Amino acid sequence: MKPINIAVDGPSGAGKSTLARRLAARLHYIYVDTGALYRTIAYDMMQNHAENEQEICDRLRTLKVTLDYQDGVQHVYANGTDVSAFIRTQEVSMGASRISAIPAVRAFLLQTQIEMAKAHSVVMDGRDIGTVVLPDADVKIFLTASAEKRAERRWAELEAKNPGKQTYEEVLADVIRRDEQDMTREIAPLKQAEDAVLVDTTNADLEQSEQMMFDVCREKLGL
Ligand code: DC
């Protein structure tokens, strides 16, 4: 049977990864977090002091980025080392946004993503899944929420881990800066595919958002 591919794109903080993961579990598909692949490259470049485009391209020649699943959780590897625990910092977030604008980086990860979707039914989340990686996806969802709401959620997450380390205003500024970087880059910018369904989670909690996404899938896939 041909695998079913569901593409979920949208800006950072819209709840994409949490919701895509829950949707995948509900449908019994594999969840592919493509942001983690970009983060893996960003982390590796930081570790190896590859800063400019030339240094990054040189490093890509010897870098292998892979992923697997342990108890249903995606792990990412740089040359065989599991870096999953190190890729969620603000520094790596900004680095990933920056390196993801480099064409060679996107080309480097394209095949890995396409192969996952060919081999398995997936819910794949990212920025260009519906537009570039899986233009023929069975379902495309563009998940968004206001910048203020996304910053509010991110700030609450950071506060829970590390109280008092960052203000809401700083987090909001980061969200806006990252949106700007992701939407204005020349290659594969973040944008809604023409045939994607817009799901706005500004005024919805997780359960409601998941249900909205599930309803889109149910309609498109005839479940
Ligand atoms: O979804 P995330 O925050 O983990 O993604 C980290 C960065 O990677 C994000 O700023 C943009 C980039 N990215 C991308 O360009 N294309 C994707 N398919 C996924 C992420």
Side-chain angles (χ1 to χ4, degrees), residues 5-24 30-46 53 56 60 63 65 67 73-76 78 83-117 122-135 137 140-145 147 149-151 153-155 157-158 171-193 196 199 201 209:
N5 292 168
I6 298 176
V8 181
D9 291 302
S12 54
K16 264 192 333 276
S17 49
T18 306
L19 288 164
R21 184 181 301 114
R22 288 170 67 138
L23 183 67
I30 289 181
Y31 164 56
V32 184
D33 170 5
T34 64
L37 302 173
Y38 288 91
R39 287 168 181 272
T40 300
I41 294 185
Y43 178 73
D44 180 85
M45 295 301 163
M46 279 156 59
E53 197 164 329
I56 292 171
L60 284 180
L63 178 63
V65 171
L67 73 169
V73 177
Q74 177 181 307
H75 285 245
V76 279
V83 298
S84 314
F86 312 117
I87 60 167
R88 299 288 158 198
T89 63
Q90 277 298 94
E91 211 187 345
V92 174
S93 296
M94 286 313 288
S97 177
R98 202 169 59 80
I99 59 100
S100 67
I102 300 173
V105 169
R106 305 204 73 83
F108 179 85
L109 290 177
L110 189 60
Q111 207 50 33
T112 307
Q113 298 170 81
I114 290 174
E115 276 163 22
M116 280 304 289
V122 293
V123 177
M124 186 175 285
D125 91 19
R127 302 294 189 289
D128 61 337
I129 309 304
T131 49
V132 176
V133 180
L134 306 175
K140 296 182 186 178
I141 293 173
F142 194 83
L143 195 69
T144 190
K149 192 72 184 191
R150 289 185 283 124
R153 291 174 184 158
R154 179 81 187 122
W155 182 69
E157 242 173 59
L158 291 169
V171 176
L172 177 62
D174 254 12
V175 164
I176 292 171
R177 196 147 44 105
R178 208 136 74 91
D179 281 358
E180 172 79 12
Q181 265 184 46
D182 292 346
M183 290 190 296
T184 57
R185 68 179 176 220
E186 265 176 40
I187 181 167
L190 167 66
K191 69 168 197 273
Q192 184 177 345
V199 173
T201 71
S209 306

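Basis for what follows: all heavy atoms, side chains included, without hydrogens, waters or symmetry-related copies. Numbers here simply count residues along the sequence, with the first being 1. Order of appearance sets the numbers: ligands from 1, and atoms from 1 within every ligand. This one's a predicted model, so the numbers in the text were calculated from it and none came from an experiment.
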Exercise. So, the side chain of D9 versus the backbone of R127: is there a donor-acceptor pair under 3.5 Å, distance only?
Worked result: yes

Exercise. So, K191 and D179, do they make that salt bridge, N to O below 4.0 Å?
Worked result: no

Problem set entry | Point-to-point distance, once rounded to the nearest 0.5 Å, from CD of E53 to CD1 of I102 | 4.5 Å

Identify each donor-acceptor pair in which a side-chain atom of residues 17-24 lies under 3.5 Å from a protein atom, sequence neighbours left out, and give them as a table.
{"residue": "R22", "atom": "NE", "partner": "E210", "partner atom": "OE1", "Å": "2.8"}
{"residue": "R22", "atom": "NH2", "partner": "E207", "partner atom": "OE2", "Å": "3.1"}
{"residue": "R22", "atom": "NH2", "partner": "E210", "partner atom": "OE1", "Å": "3.2"}

For this session: Not counting sequence neighbours, which residues clear salt bridge (Lys or Arg N to Asp or Glu O under 4.0 Å) with R154? List them please.
Result: E157

Exercise. In chain order, what residues pass the side chain to side chain donor-acceptor pair (under 3.5 Å) check against Q192, with sequence neighbours excluded?
Worked result: none

Give every pair made of an N or O atom of ligand 1 and a protein N or O atom lying under 3.5 Å apart, one pair per line with both atom names and the distance to 0.1 Å, or write 'none'.
{"residue": "ligand 1", "atom": "1 (O)", "partner": "R127", "partner atom": "NH1", "Å": "2.9"}
{"residue": "ligand 1", "atom": "1 (O)", "partner": "R127", "partner atom": "NH2", "Å": "3.4"}
{"residue": "ligand 1", "atom": "3 (O)", "partner": "R39", "partner atom": "NH2", "Å": "3.0"}
{"residue": "ligand 1", "atom": "3 (O)", "partner": "R127", "partner atom": "NH2", "Å": "3.3"}
{"residue": "ligand 1", "atom": "3 (O)", "partner": "R178", "partner atom": "NH1", "Å": "3.4"}
{"residue": "ligand 1", "atom": "4 (O)", "partner": "R39", "partner atom": "NE", "Å": "2.6"}
{"residue": "ligand 1", "atom": "4 (O)", "partner": "R39", "partner atom": "NH2", "Å": "3.3"}
{"residue": "ligand 1", "atom": "10 (O)", "partner": "R178", "partner atom": "NH1", "Å": "3.0"}
{"residue": "ligand 1", "atom": "10 (O)", "partner": "D182", "partner atom": "OD1", "Å": "3.4"}
{"residue": "ligand 1", "atom": "10 (O)", "partner": "D182", "partner atom": "OD2", "Å": "3.2"}
{"residue": "ligand 1", "atom": "15 (O)", "partner": "S100", "partner atom": "OG", "Å": "3.4"}
{"residue": "ligand 1", "atom": "15 (O)", "partner": "R106", "partner atom": "NH1", "Å": "2.8"}
{"residue": "ligand 1", "atom": "15 (O)", "partner": "R106", "partner atom": "NH2", "Å": "3.4"}
{"residue": "ligand 1", "atom": "15 (O)", "partner": "R185", "partner atom": "NH1", "Å": "2.9"}
{"residue": "ligand 1", "atom": "15 (O)", "partner": "R185", "partner atom": "NH2", "Å": "3.0"}
{"residue": "ligand 1", "atom": "16 (N)", "partner": "R106", "partner atom": "NH2", "Å": "3.0"}
{"residue": "ligand 1", "atom": "18 (N)", "partner": "T34", "partner atom": "OG1", "Å": "3.0"}
{"residue": "ligand 1", "atom": "18 (N)", "partner": "R127", "partner atom": "N", "Å": "3.2"}
{"residue": "ligand 1", "atom": "18 (N)", "partner": "D128", "partner atom": "OD1", "Å": "3.1"}

